[in-house]
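Worksheet: the structure to be examined is printed underneath.
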Amino acid sequence: MPRDTWVLFRHNVRAMLRQKAGIVFGAIQPLLFLVLFGPIFATFGTWETLVPGLIIQLGLMSTGMAGFGVVFDKRTGVLERMRVTPARRLSLLLGRVLGNVVTLVVQTVLLLAVAFAFGLRVPPAGLLAGLALVVVLGAGLAALSYAVALTMNEHLFAPVMSTAVVPLVLLSGSFLPMSMAPGWLDALSHASPFRYALEAVRDLFHGRYATATVAVGVAVTALFTAAGLLIGTRVFNREHA
């Protein structure tokens, strides 16, 4: 299985590197928020509060839309050809997911580079821990995205996922902490795992490591990713049987 996963991962990374403009374009919306909204936010907040929210937004848009790859493969017959390969179905999923994670890391580094130029200051340990948490979250989200793409009508995937991303971004508290929201909206946001991950990243970016917020964020992210990979693997097994 590791060899099959590595082969598919390498193929996906090579495909990604051939589409450098696509990597930048995929991060353009968070970058625009950073450049156009960041200076306004900095007058009453901090970059260490805003940037983690933009990273979560980027993760939702990047790995949340990973299923587009499967939609394209279904249309071109690639999935049909994969049915006859000896590769394990988990490898087929992990090879894709790891490729999406690499794309997310590159886009996040690009966003962070611009953020540091604007004034973001994060302790190295907090930065690395926050990135690790986002990578794990992105892996689970990519796996779920593939599962949705394989079970949903290919023409509905784009509008449904695009519509879902917006409330998920807002409910995570990407732009303002949900503690500032009305009580009903704050309560609703607790149903989203992205809120807990975001609050943990914000603590880490502020140099707070051993907090209950970080512990809960790590636990929720781990459970979410485990569930995403489990669901994604089951769907891949069924669709490639």
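Residues: numbered from 1 along the sequence shown.
Using modelled atom types and a 3.5 Å distance limit, the side chains of Ser172 and Ser174 yield a donor-acceptor pair.
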* To do: Just do the ring-ring contact (aromatic ring centres under 6.0 Å, His included) check on Phe175 and Phe33 with the steps written out, would you?
  => CA-CA 9 Å; Phe175 301 111; Phe33 274 112; 4.9 Å; yes
* Asked: Between Leu133 and Val214, is a side chain to side chain contact (heavy atoms under 4.5 Å, CB included) present by the stated rule, with each step listed?
  -> CA-CA 10 Å; Leu133 192 62; Val214 171; over 6 Å; no
* Audit row: Leu104, Leu58, side chain to side chain contact (heavy atoms under 4.5 Å, CB included) steps and yes/no -> CA-CA 8 Å; Leu104 176 60; Leu58 175 60; 4.1 Å; yes
* Taking it one step at a time, do Ile55 and Leu198 satisfy side chain to side chain contact (heavy atoms under 4.5 Å, CB included)? -> CA-CA 9 Å; Ile55 293 174; Leu198 173 53; over 6 Å; no
* To do: Decide side chain to side chain contact (heavy atoms under 4.5 Å, CB included) for Leu94 and Leu229; before the verdict, give the C-alpha distance in whole Å, the side-chain angles of both, and the deciding distance to 0.1 Å.
  => CA-CA 9 Å; Leu94 290 180; Leu229 291 173; 4.2 Å; yes
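When atom types are taken as modelled, the side chain of Tyr196 and the backbone of Ala215 share no donor-acceptor pair closer than 3.5 angstrom. Side-chain atoms of Thr225 do not come within 3.5 Å of backbone N or O of Ala222 as any donor-acceptor pair. Using modelled atom types, no side-chain atom of Arg202 and backbone atom of Val51 make a donor-acceptor pair closer than 3.5 Å. Side chain of Ser62 to main chain of Gly59: no donor-acceptor pair is present (N/O by atom type, distance under 3.5 Å, no hydrogens or angles). Distance alone, capped at 3.5 Å, is enough to place a donor-acceptor pair between the Thr103 side chain and the Gly99 backbone. Put simply, the side chain of Ser162 never gets that close to the backbone of Pro159: no donor and acceptor are under 3.5 Å apart.
Cluster annotation: Val97 is not connected to Leu223 through the hydrophobic network of ILVMFWY side chains, with a link wherever side-chain heavy atoms come within less than 4.5 Å. Under a hydrophobic clustering in which Ile, Leu, Val, Met, Phe, Trp and Tyr are joined whenever their side-chain heavy atoms come within less than 4.5 Å, directly or via other members, Leu111 and Leu128 fall into different clusters. Note: the hydrophobic cluster containing Val216 does not contain Ile56 (ILVMFWY, side chain heavy atoms under 4.5 Å, direct or indirect links). Both Phe116 and Val105 belong to a single network of hydrophobic side chains, linked directly or stepwise wherever heavy atoms of I, L, V, M, F, W or Y lie under 4.5 Å apart. Cluster membership for Phe68 and Met61, using ILVMFWY side-chain heavy atoms within less than 4.5 angstrom, is shared.
Expressed to the nearest 0.5 Å, how far CG of Leu112 lies from CG of Leu34 amounts to 9.5 Å. A distance of 7.5 Å separates CG of Asn100 from OG1 of Thr63, quoted to the nearest 0.5 Å. Between Met161 atom CE and Leu168 atom CG the span is 8.0 Å, to the nearest 0.5 Å. To the nearest 0.5 Å, the span separating CG on Leu54 from CD on Gln29 amounts to 10.0 Å. Here CG of Leu98 is found 14.0 Å from CZ of Arg10. Values are rounded to the nearest 0.5 Å.
In plain terms, the two heavy atoms of Met65 and Val165 that are nearest each other are CE-CG2, 3.8 Å. Considering every non-hydrogen atom in both Gly67 and Ala149, the closest pair reads O-CB, 3.5 Å. Closest non-hydrogen pair, Ala147 versus Gly232, comes out as CB-CA, 4.1 Å. The shortest heavy-atom contact between Phe157 and Ser145 is CZ-OG, 3.5 Å. Here the closest non-hydrogen pair linking Tyr146 and Ala66 is CE2-O, 3.2 Å.
Pairs engaging residues 174-194 under the salt bridge (charged side-chain N to carboxylate O under 4.0 Å, His left out) rule: Asp186-Arg195 [sequence neighbours left out].
The aromatic rings of Phe194 and Phe224 sit perpendicular to each other, their planes meeting at more than 60°, with 30° as the lower class boundary.
Between Thr49 and His206, some side-chain heavy-atom pair lies under the 4.5 Å cut-off. You'll find the side chain of Leu144 reaches within 4.5 Å of the side chain of Ile231, heavy atoms only. The side-chain heavy atoms of Pro39 and Trp47, taken from C-beta on, include a pair separated by under 4.5 Å. A 4.5 Å side-chain heavy-atom check between Leu31 and Leu110 finds at least one atom pair inside the cut-off.
Looking at residues two or more places apart in sequence or on another chain, you find no ring-ring contact (aromatic ring centres under 6.0 Å, His included) involving Phe205.
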